[in-house]
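As structure tokens, the structure follows; a few thoughts come after it.
Chain letters run A, B, ... following the sequence lines, proteins first and then strands; every chain starts at 1.
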Amino acid sequence: MKDDSIFELSPQDKTAIDTWLAQYPADQKRSALIPALHIAQKANGGWLSEAAMKAVAVYLDLPQIQVFEVATFYSMFELAPVGKHTLCVCTNVSCLLSGSDEIVSHLKKRLRIDFNETTENQQFTLKEVECLGACVEAPVLRVDEAFHTHLTPEKIDALLAELEKKG
Amino acid sequence: MIEIEIDGQKVEAEPGSMIIEAADKVGIKIPRFCYHKKLSVAANCRMCLVAVEKSRKPLPACATPITDGMVVKTRTAEALAAQKAVMEFLLINHPLDCPICDQGGECELQDVAMGYGKDVSRFTEGKRVIKDKNLGSLIATDMTRCILCTRCVRFGEEIAGIVEMGVTGRGEASEVGTYVEEHLISEVSGNIIDLCPVGALTSKPFRFKARAWELNQHTSIAPHDPLGANIYIHTRNGDVMRVVPKECESINETWASDRDRFSYTGLNAEDRLLKPMVKAHGEWQECDWSLALSTVHKQLENIHQHCGEDRIAAVVSPNLSSEELYLAQKYLRGLESHYIEHRLQQVDPQFIPTPLLARERQASIAEVEDMDAIFLVGCDIQREVPLLGLRVRKASLQGANILSLNPLDFHFNFEQKAQCIVSMQTFLFALAVWIQSELKAEELKEWPVLDQLIKQDVDYCGHPDERALIQAQIESIRKVFVAGRQKLIIMGALAINDPQASLIQQALLWLAERYDAKLIFLLAGANQHGAVLAGAMPEQAMSIVDLWHAKLPAYLLVNVEPELDCTHPALALKALHDASCVVVMTAFVTEKMLEYADVLLPIAPFSEYAGTLVNLEGKRQAFNAAVHPQGEARPAWKIFRVLGQLAQMPGFDYDTWTEITPDIPTEASKAPLSSLTERYRLPQRQAGLQLLPYWPLYRSDPLVRRADPLQRCALSADPVIALHPETAAHYGFKANEAVSWQQEGHVATLIVKTDPSLSLDTVYWPMGFSETACWGALAPLVLERMRALEENE
């Protein structure tokens, strides 16, 4: 079992953060906070532990609260352990009008979990999110870093099958 | 200046200023929550929406810059509808708990809701509830009441320089909080209580104590540091309930330091002395004033008659009013003694504790923020005079370069351009290096001490590497300082309390002359400047240490606990124990006092009498009695008046304190001491560990030490001995190791901490604790002795 109270940025992570830092003035490291959090989240198995946020704060020389503010603001950042794949379904106006209710109930039925829960096999976490900015293609689902659009229950089944096959 | 029209009224205002500033200038009230004149504009509460001609929708007055000829209407149907709509939204999640809320009666939300709110809420859904945060012993929280104006967050980031509070979450889930609980490490944190427009952040010591409308307000002056911050004391039925800042732009702006705000909690400490007491046959007995005063009169008169002049010494607090200090010295001099001393912590009597030396060089408090180069010398400005620290920070944020010569890196809440971190005894070398770089060889001869110092630099500054490093650091400080247009030098307590204080002072005066810089000396206590004017110091060059060494038959202490307030506490206690008569005027009794004193006279603390204090820029300000003296306590000036009259001395027939003030000189009659000459002998450089005594922020005087909430807050800590890790290793100390020491029967244990911010060989030694009270503050080799003691056991 991994100890969540310990986290260190690897040299590769630091190099990755450095390439972001290089894009901003030296005294404005805060600008690189979001990419740095993404890097830390990936390194920490898909979520940001307190230790991971602290490591980012130390590396960017920022007060911890400022890292915490950003991490809690954006839905792309997870503050608790998640499954291998995170399914973020939009329930905002456009998606709602295009039938996101059906998508949501289908997902919940298939995965046998509610929002903000993770399947027993640690494969999937289901989240409800606000507008993903792809209204023309509603309803929309974000799986990890990919968008899936014009959803139907059939498309969902195919998608889940594919993800399960990939493991 | 451009002209705009607000509600039909023509207003002139600076181009670029906001509508709300122009409206405030002429007293047109626009409701607001997030806007505060001292903070950046957030425009997130939207309460200040106003109608602006040619704009299609209402605009926030706090974030709309004025343009020439702009026509603003704050009370049209459109503006009012917008304001009322915002009010309704703000009240959606706000609990209806005004009857049990401490802010009730002085709540901005409550007030504005009276004007703009509906009487019935249309919101029938559930209100959100936010978990409370623990911000320590000073600030109580009720975060459900928070309307997310973010004033507290902005205060932390912009004014106090502590980024500990923030807004987490998003939308309905947003909340104000801290990342780490109980961690608000700031010497000015209490200001967020005033800033909070609702009851989310309230004063913890004042919680559930009184309602705002039950309180009487009295103007006063904060009695702990030389800033002279203006305050209001709020009282109810003869009790001090709380202290809040009184706006005074040129001194404290709108702020109060936590020490000034919460020290009142010590006023009614359990050990408060309420009746005069005399010791008869080794037994303490309460008595009436006439017996107590005649006892004092007889004993002191007796010593005066039999022992002659200069056999009685008075040691007085620099926090006393000018009137008290003036009568104290008058009484002492009436007894043919000029041994009156208010410089409790200074050991170099040649240091001139006043800006009188160079009045035209004295900087005002308000000027500090306009400086563009500030040089701090032996100064922990944030923890000496917290609100002056805020001014320095303000200057720094406006682009000023802050430089320092300090015995440790204080990690200030502002950036420093260059630092030179050396032990105190190397200060003179560092300054001499600077002066030397400015002088030609023949000019240097005019200053024999420095000449000597430069020649001796090898002895003075040990290792050649160290010398080169100091020279390089001083050179970078010099370069930055010289480039500034408005320059300021601040000499702090660590330098003022140093044995070489007068030489450091002379060097700084020289630098100030050379570069046309302003000066500030951070004197001790609230009224040291006033004490000098009142003549509460000896005519000869002698320090308080000499008074203790003199082993006098009689000592008179006024508002002083020598074992905690004075340098060389062990020596002080010895002198007091050996004296045949010790009279103590005090608001609080300590066990030590019961041992050494013969008479105890209860005096009134700052809230219970009136007088004047002179602040560090020389401004005399009056403070008022907020409540009657507790028990039989009396202002010290009244006690001296009676003592003077009993001794039939002339000039003690004052009816009120205001009659005394005109008698106090406004200029020191002469420069109190002669200036630097060759008669100075350089102190020997001591090898090994150097004890550097300092008074932590909340150990500074008897009242503060009794303010329990301050003692429990995050800035207070148990006394530890701090050493540089290398120094600790060299002398065989381990970090976090407990070391006990004993001296004359007194045993205490202290923890050793290592801190790389310290200069080498410096032992950072906290004063104001009984655990650290027994050595002469400057005994150099204590730790080695401690070490030896450990090993012998």
Taking atom NZ of A:Lys127 as the centre, report whether more than 12 heavy atoms of other residues, nucleotides or ligands fall under 6.0 Å from it. yes
Rounded to the nearest 0.5 Å, what separates atom CD in A:Gln64 from atom CD in B:Glu164? 9.5 Å
Which atoms form the tightest heavy-atom contact between B:Gly166 and A:Glu69, and what is the distance? CA-OE2, 2.9 Å
Taking atom NZ as the centre, does B:Lys127 end up with more than 12 heavy-atom neighbours from other residues, nucleotides or ligands that are less than 6.0 angstrom away? yes
If only atom types and distance count, is the side chain of A:Thr72 paired as donor or acceptor with the main-chain N or O of B:Gly169 below 3.5 Å? yes
Could you report the tightest heavy-atom contact between B:Gly177 and A:Ile65, atom names first, then the distance? O-CD1, 3.7 Å
Counting heavy atoms not belonging to B:Phe89, are there more than 12 under 6.0 Å from its CZ? no
B:Gln398 CD: over 12 foreign heavy atoms closer than 6.0 Å: yes
Does NZ in A:Lys155 sit with more than 12 non-hydrogen atoms of other residues, nucleotides or ligands closer than 6.0 Å? yes
Side-chain heavy-atom pair B:Glu157, A:Gln66 within 4.5 angstrom cut-off: yes
